[in-house]
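What follows is a single structure, written as structure tokens, with notes after it.
We count ligands from 1, going down the list as the structure has it; atoms in each ligand are counted the same way.
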Amino acid sequence: MNKFFSTGLLGLLSFTTASLAQDYYANARAQWFKKAEACKPALTLTEKRPQHIVEIANDTTAFQHCRAVQVAPATSLDTTSFGDKKEIILDFGEHITGHFSFAVRTTGLAADGPLRFRFTFGEVPAEVSVPFDPYPGILSRAWLQDEVVTVMHVPDTITLPRRLAFRYVKIELLGYSPYYQFNLHDLKCMASTSVTTWPEPLPPTTDPIIRQIDQAGLNTLKECMQTVYEDGPKRDQRLWIGDLYLEALGNTYSFKQHDLTKRCLYLLAALSDTTGHLLATVIEQPVPRAQDKQFLFEYALLYNVALKDYLEATGDRTTAEDLWPVAKKQLDIVRENMRDNGLMDYEKLEETWWVFFDWREELHKEAATQGLAVFALRESYRLAELLGHEKEVADLPALIKKMTKAARKHMYNLATGLFTGTTSEQVSYASQIWMILGGIATPKEGQRALTALRTIPDVCRPGTPYLYHYYIQALLDCGMRQEAKQALATYWGGMVEKGADTFWETYDPQDDFLSQYNFYPLNSYCHAWSCTPVYFIRKYPEVFQR
Ligand code: RAM
């Protein structure tokens, strides 16, 4: 273990636990943290070089109206004077996460002055084409990957300090001397991932589009698997429980590197709030810490499901036993936010918890909240059964029954066959999906609801692959296999057709420019929660592999 962790963070943890008598997990945190650190994977580094010089063409038929057009092999850069070019865009041919370096040398006369460049790295063509300023985004401008570099002495080799996630890099010359010529060479990126094994290829009889989707899904997951499951290697570069849950599903059916899941489960437990509730996100650098007050309702509960899945995938009872108290504690979120009539008190819940489900702003989340709560209770009870702890959560079966009954009474419209909240008539994908996953709708009712969705003009559609994942699962759970395959092929296949070699954080087939951050270059284009075709395709071969 690195020295800082052993003395610094562990010291801090014991200090915190000693000084906060009411810390729910006082005695366990330091051990959990140690176990997380013991599972920290080594990163594999691979050298990647640019493939082509490209130009970005304005094309209204292309994704975000930008198309990368190859103009020359990247090697031609080595022999041309960069002063003549002043600006180029390189295509590495694939999404890469790592450290970028380049070298400069004179082509003849000695260098008499410094050089200055601006490097702009992009996961998609628009990022190296659209101006970043004036910046309209709502997250830090510094997430955008543009860096100004001054080279004081030539020749030299420079490695940019920040880790980057990109396929394209634009290089602009900002300062140079008229008294000598130079060129750029040895441009490369040391790409990192903690993935060490690659799964068997799909049978050759699998639909070509499913194979392409699978490949992009594996790439996405591989890029996000660093020393934690990151949500996106460009942004936010951190562990979120909801992303972890889906990444772990993908990993279980592909790379099978279960220690990364174990590490993340322990880290989240070690860094949870003193009340015992989980914080939704952990930032690893410079020392692992949770984002304070980041209480996200579904994510706290999905932790339990991820723990149950981990136990099923590995049989590692020690970890599951260690972390069972955390899972047990999260159940209070449901108990404490439920009305006497068995419905979740959505208004009360929202006072303390961020209720997410999707980035679609207009989404009314009351019915989905009820469905997810029941889903989490069922899965948590299964975890208790696997561990023989049913007695500790003996109230759950009755609670599930009560909540199911209440939802069917107050949220199901028998005439339309659709579920809605009690305070809004909005019909959304999210409501139907979570009623199905929660087992509140029967498979038959689920089929009816999901089929009806397509006929409703103003239905609230998913805005992210995150919610779309649950849509595919809901289709499968109610036996709509053909529709599940079709939906997966159309949605993720739509990204592939628009040029994706890794999958995106946000995708609305009808709006390439959708961004919850008010600036689409800030979206992540290699995003964890988008990787789950990997799981579907391999878990349900009879549906997706023929
Ligand atoms: C964003 C990220 C992340 C997600 C949260 C809720 O910051 O996209 O993946 O889990 O939102």
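Scanning for salt bridge (charged side-chain N to carboxylate O under 4.0 Å, His left out) contacts around Arg162 gives Glu147, with sequence neighbours left out. With sequence neighbours excluded, the residues satisfying salt bridge (charged side-chain N to carboxylate O under 4.0 Å, His left out) with Asp133 are Arg141. For Thr252, the side-chain contact (heavy atoms from CB on, under 4.5 Å) criterion is met by His258, Ala313, not counting sequence neighbours.
Using a 3.5 Å distance cut-off with no hydrogens or angles, the side chains of Asp23 and Thr274 do not pair a donor with an acceptor.
In this structure the side chain of Glu366 reaches within 4.5 angstrom of the side chain of Met411, judged on heavy atoms.
Between Trp240 and Trp354, the two ring planes are perpendicular [angle over 60°; tilted spans 30° to 60°].
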What are the atom names and distances for all N or O pairs under 3.5 Å between ligand 1 and the protein?
unit_1   : atom_1 : unit_2 : atom_2 : d
ligand 1 : 7 (O)  : Asp236 : OD2    : 2.9
ligand 1 : 8 (O)  : Glu505 : OE2    : 2.6
ligand 1 : 8 (O)  : His527 : NE2    : 3.1
ligand 1 : 9 (O)  : Asp243 : OD1    : 3.0
ligand 1 : 9 (O)  : Asp243 : OD2    : 2.9
ligand 1 : 9 (O)  : His527 : NE2    : 2.8
ligand 1 : 10 (O) : Asp243 : OD1    : 2.6
ligand 1 : 10 (O) : Tyr299 : OH     : 2.7

